[in-house]
Amino acid sequence: MNRSTIWHPFTQHALEPAMKSIVSTEGAFLIDQDGNRILDAISSWWVITHGHRHPTIMEAIRAATDAYDQIIFAEFSHEPAEKLAEGLIDVVPAGLKHVFYSDSGSTSVEVALKMALGYFHNRGEPRDRIVVMEHGYHGDTIGTMSTGERGVFNAAYEPLLFGVDRLAFPETGREQRTLDMFETFCRAGGIAALLIEPLVLGAGGMKMYDAGVLAGLKAIAERHGSLLIADEVMTGWGRTGTMFACEQAGITPDILCTSKGLTGGALPLAATLCTGAIFDAHVSTDRRKTFFHSSSYTANPIACAAAVANLDIWRSEPVLERIENLMGLHRQNLERFAGDKRFANIRQAGTIVALDLVAPSGGYLAEVGPRMRQQFRERGLLIRPLGNVIYLMPPYCVTAEELGRAYDAIDEVASIVLGKV
Ligand SMILES: *Cc1c(COP(=O)(O)O)cnc(C)c1O
């Protein structure tokens, strides 16, 4: 048995080979202990946006360490957190007015759920139901697991998870069914919030749906006085082609969660933004109406400085042009798979591309993912299929040549795994 001292995340230590150490990172690459350059085609679990070690962000981190380490964020504030809050309010959909900091995507969603319930509680009209979408993923804490898709990943913890109402995924042509379900849940009453990943359900298999559905859901929520929580932890910072995915639906959610790309992926940080109404419901001379939430590392100044630098990059560099360019490269590369029987559901949302490998189902299916992952690694690529779903989500600095290599590898690896080579 492989008795690893470090217990790695989402890792079956009995089956995984010993891990290589990464000694440095650069642009779209990880460099391992043997000097191999591995193309990071999934942005190190979706966090790296511009590229690894962007000089502006690295410099901001160095500068921040001259002044700060961690500072308690009750009783005190600091400039990096304030500049960041102002900058965030400027770039998120108009109408979000307040910023609550935490340190991961999961905590940003936990904060959102607490804000939603606190809002109704403090107004003296309690609501406690949360509606989510089938195949959703919102994190790995008990609360966020409760709102995510149930399955092998959380079977052991099921007894602790709270109940939610689940909308059917809006498959193309069946969008109205999803909207009707939400309307029915709302009519039954007690719905505090709809928690949803806008446009792309990430960990649930890169499932993509139309912006019109999101706009429709927002309209229904509004009509019933329920809140919309947009979990933009993965979709934020340009991944879907706009800075935030909600923009494509022309909506402002009541609460927006952001993390992964917030610091360009350099340091852990999260923010939950909300409307004035939600903040106001917690403002009272009655201390019982306080928003009772904190993490020890709330608004770490060094992480905030990294996020301020990320905002500077968005302001001063042609990031959206880079994203447009990457979207075009994806489209060109995908042409080679048109009509290819090895793949189904070839899809793209901005910089994210996904294809389902048409593999025989059953026990074999479970092995397809790890087998492909191994094959990609042998070709110098970090690509981690979700079961039979192969996806690419590279940092925006990736070149045409590097991306081409990823597509060549998908072509080859699919054939090998399907036993056609
Ligand atoms: C990754 C992710 C999370 C959880 O973020 P962590 O930083 O891993 O806790 C939540 N929601 C979505 C949509 C995510 O993709």
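Below, each value reflects all heavy atoms present in this structure, side chains not excepted, and no hydrogens, waters or symmetry copies. Each ligand, and each atom within it, is numbered from 1 in the order the structure gives.
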task: Measure from the ring center of Tyr297 to the ring center of Phe73 and say whether it is less than 6.0 Å.
output: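 Judged by ring-centre distance (under 6.0 Å), Tyr297 and Phe73 do not meet the cut-off.
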- prompt: Any protein heavy atom lying closer than 4.0 Å to atom 7 (O) of ligand 1?
  reply: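 There is a protein heavy atom less than 4.0 Å from atom 7 (O) of ligand 1.
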message: Quick check on Trp45 - does any of its heavy atoms sit under 4.0 Å from an atom of ligand 1?
response: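 False for this residue.
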message: Looking at ligand 1, would Glu232 count as a contact under a 4.0 Å heavy-atom criterion?
response: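 Contact absent.
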Under a 3.5 Å threshold, yes or no: a donor from one side chain and an acceptor from the other, between [X] and [Y]?
X      : Y      : value
Thr147 : Thr144 : no
Gln176 : Asp180 : yes
Arg127 : Ser226 : yes
Glu232 : Thr258 : no

field: Close N or O approach (Ser106, ligand 1; < 3.5 Å)
entry: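 Yes, since at least one N or O of Ser106 sits under 3.5 Å from an N or O of ligand 1.
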message: If I apply the N/O under 3.5 Å rule, does Thr107 come out as touching ligand 1?
response: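 By distance alone, the answer is no.
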message: Would Lys207 pass as a cation-pi partner of Phe169, given that its NZ or CZ must be under 6.0 Å from the six-membered ring centre and within 45 degrees of the axis?
response: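 Output yes; distance and angle both within limits.
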query: Within 45° of the six-membered ring axis of Tyr396 and under 6.0 Å from that ring's centre, is NZ or CZ of Arg322 located there?
result: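 Geometry flag: not set, cation outside 6.0 Å or 45°.
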- prompt: Should the proximity of His138 to ligand 1, defined as any heavy atom under 4.0 Å, be assigned to the side chain, the backbone, both, or neither?
  reply: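 The answer is the backbone of His138.
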- request: May I ask you to identify the nearest protein heavy atom to atom 12 (C) of ligand 1, giving residue, atom name and distance to one decimal place in Å?
  value: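 Its nearest protein heavy-atom neighbour is Asp231 OD2, 3.4 Å.
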message: Which residue and atom name correspond to the protein heavy atom nearest atom 2 (C) of ligand 1, and how close is it?
response: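 Looking only at protein heavy atoms, the one closest to atom 2 (C) of ligand 1 is Lys260 NZ, 2.6 Å.
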Need the ligand 1 atom indices (1-based, order shown) with element for anything under 4.0 Å from a heavy-atom of [X].
X      : answer
Met234 : 15 (O)
Gly105 : 4 (C), 5 (O), 6 (P), 7 (O), 9 (O)
Ser104 : 7 (O), 9 (O)
Glu197 : 13 (C)
Trp46  : 15 (O)

field: For the student: nearest non-hydrogen atoms of Gly148 and Arg166, plus distance
entry: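 Smallest interatomic distance, heavy atoms only, reads O-NH1, 3.0 Å.
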message: If I compare all heavy atoms of Val200 with all of Met234, which pair ends up nearest, and what's the gap?
response: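 In terms of heavy atoms, the two residues are closest at CG1-CE, 3.8 Å.
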